[in-house]
Amino acid sequence: MSDRGNSADPNNAPQSASTSKGTRSGGSKRVSLTNSGNATIGDKQALIATVSTPTTAVADTTPPTNAIVYENTYKMKPDRKFQSEPVRKIAEEVLQSTLKKIKYDSNKIADLTAKIGNDILMAVKKLEYERYKVVVDVTIGEFKGQGIRVASRSLWDTTTDTYTSASFKN
């Protein structure tokens with residue numbers, strides 16, 4: 001039998017007890033149990049638990065209280081149909097302005113195609129088409145009289161999906 005008494009009996013509960021456990025981040029978590037003389041439930045005294053946790057580098061998993069929570073709309077189709085003509089004009093402008101005075105250099109083409117693709121994507125996003133996934137595919141090659149064919153596959157909804165194409169030669 002312990003000198004502190006039986007903790008199952010509320011009359012023999014300790015006046016104050018503290019435990020400390022380590023956490024993964026190296027901090028500590030302290031739990032303090034204090035017997036308050038005036039808090040009673042029925043004919044038994046209640047224990048009040050206070051938990052204090054120091055701030056650690058581990059992100060808190062609880063969302064902030066002022067977070068905006070959006071509900072699902074369950075919309076399957078966009079409100080506005082995608083127009084391919086403005087997107088074609090944007091692509092032609094970006095190609096014209098970027099490639100006008102560039103000479104083909106196989107060492108610089110990978111970075112150039114990524115830049116052109118990002119420029120077109122950012123310009124198309126400014127058109128604010130909601131519920132559309134925009135895919136930009138840029139292919140640059142040295143022109144020596146040969147032809148080129150590019151093919152792609154995707155699931156297609158004929159009521160909403162469309163494409164546009166633009167090319168540039170110098």
Side-chain angles (χ1 to χ4, degrees), residues 18-33 47-170:
S18 295
T19 59
S20 179
K21 293 183 178 181
T23 60
R24 278 195 216 181
S25 62
S28 65
K29 184 175 182 181
R30 180 167 298 280
V31 178
S32 302
L33 297 175
L47 293 176
I48 298 173
T50 305
V51 178
S52 61
T53 306
T55 306
T56 60
V58 178
D60 191 9
T61 58
T62 59
T65 56
N66 59 351
I68 298 172
V69 179
Y70 292 101
E71 302 249 343
N72 291 333
T73 60
Y74 301 105
K75 291 172 83 173
M76 299 302 287
K77 302 285 182 184
D79 293 332
R80 180 172 70 141
K81 187 170 180 183
F82 189 85
Q83 301 294 318
S84 61
E85 187 60 27
V87 176
R88 186 186 59 78
K89 287 180 181 178
I90 288 171
E92 286 177 349
E93 289 173 7
V94 170
L95 289 172
Q96 179 72 24
S97 66
T98 307
L99 297 175
K100 188 177 4 179
K101 295 184 180 182
I102 300 286
K103 292 199 178 203
Y104 183 82
D105 183 6
S106 62
N107 297 327
K108 297 178 182 177
I109 290 301
D111 294 333
L112 187 60
T113 55
K115 180 189 178 307
I116 292 171
N118 286 334
D119 291 347
I120 293 172
L121 183 62
M122 291 302 124
V124 171
K125 281 186 177 182
K126 288 179 184 176
L127 297 176
E128 296 181 354
Y129 284 106
E130 293 180 359
R131 300 186 179 276
Y132 277 99
K133 179 179 184 178
V134 178
V135 178
V136 179
D137 183 25
V138 178
T139 304
I140 297 178
E142 188 174 10
F143 185 67
K144 291 186 176 181
Q146 77 278 14
I148 185 171
R149 288 195 179 180
V150 178
S152 62
R153 291 177 61 174
S154 63
L155 294 175
W156 199 264
D157 183 0
T158 56
T159 61
T160 57
D161 295 343
T162 187
Y163 78 98
T164 189
S165 177
S167 62
F168 177 81
K169 289 183 196 176
N170 67 355

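In this chain, residues are counted from 1 in sequence order.
With rounding to the nearest 0.5 Å, the separation of CD1 in I116 from CG in L95 is 6.0 Å.
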Enumerate donor-acceptor pairs with a distance under 3.5 Å from any side-chain N or O in residues 143-155 to protein atoms, sequence neighbours excluded.
from: Q146; atom 1: OE1; to: K144; atom 2: N; distance (Å): 2.8
from: Q146; atom 1: NE2; to: E142; atom 2: O; distance (Å): 2.8

Do any side-chain atoms of residues 121-135 form donor-acceptor pairs under 3.5 angstrom with protein atoms, and if so which ones, sequence neighbours left out?
from: Y129; atom 1: OH; to: Q83; atom 2: N; distance (Å): 3.2
from: R131; atom 1: NH2; to: T73; atom 2: OG1; distance (Å): 2.8
from: Y132; atom 1: OH; to: F82; atom 2: N; distance (Å): 3.1
from: Y132; atom 1: OH; to: T160; atom 2: O; distance (Å): 3.1

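The salt bridge (Lys or Arg N to Asp or Glu O under 4.0 Å) analysis of residues 157-170, with sequence neighbours excluded, yields the pairs K77-D157. Applying the ring-ring contact (aromatic ring centres under 6.0 Å, His included) test to pairs two or more places apart or on separate chains, none has a residue in residues 150-170. Pairs engaging residues 83-102 under the ring-ring contact (aromatic ring centres under 6.0 Å, His included) rule: none recorded [sequence neighbours left out]. Identified under the side chain to side chain donor-acceptor pair (under 3.5 Å) test for residues 89-109, with sequence neighbours left out: R88-E92.
Between S84 and T162, the shortest heavy-atom distance links the atoms CB-OG1, 4.2 Å. Counting all heavy atoms, side chain and backbone alike, I102 lies closest to N170 at O-ND2, 3.1 Å.
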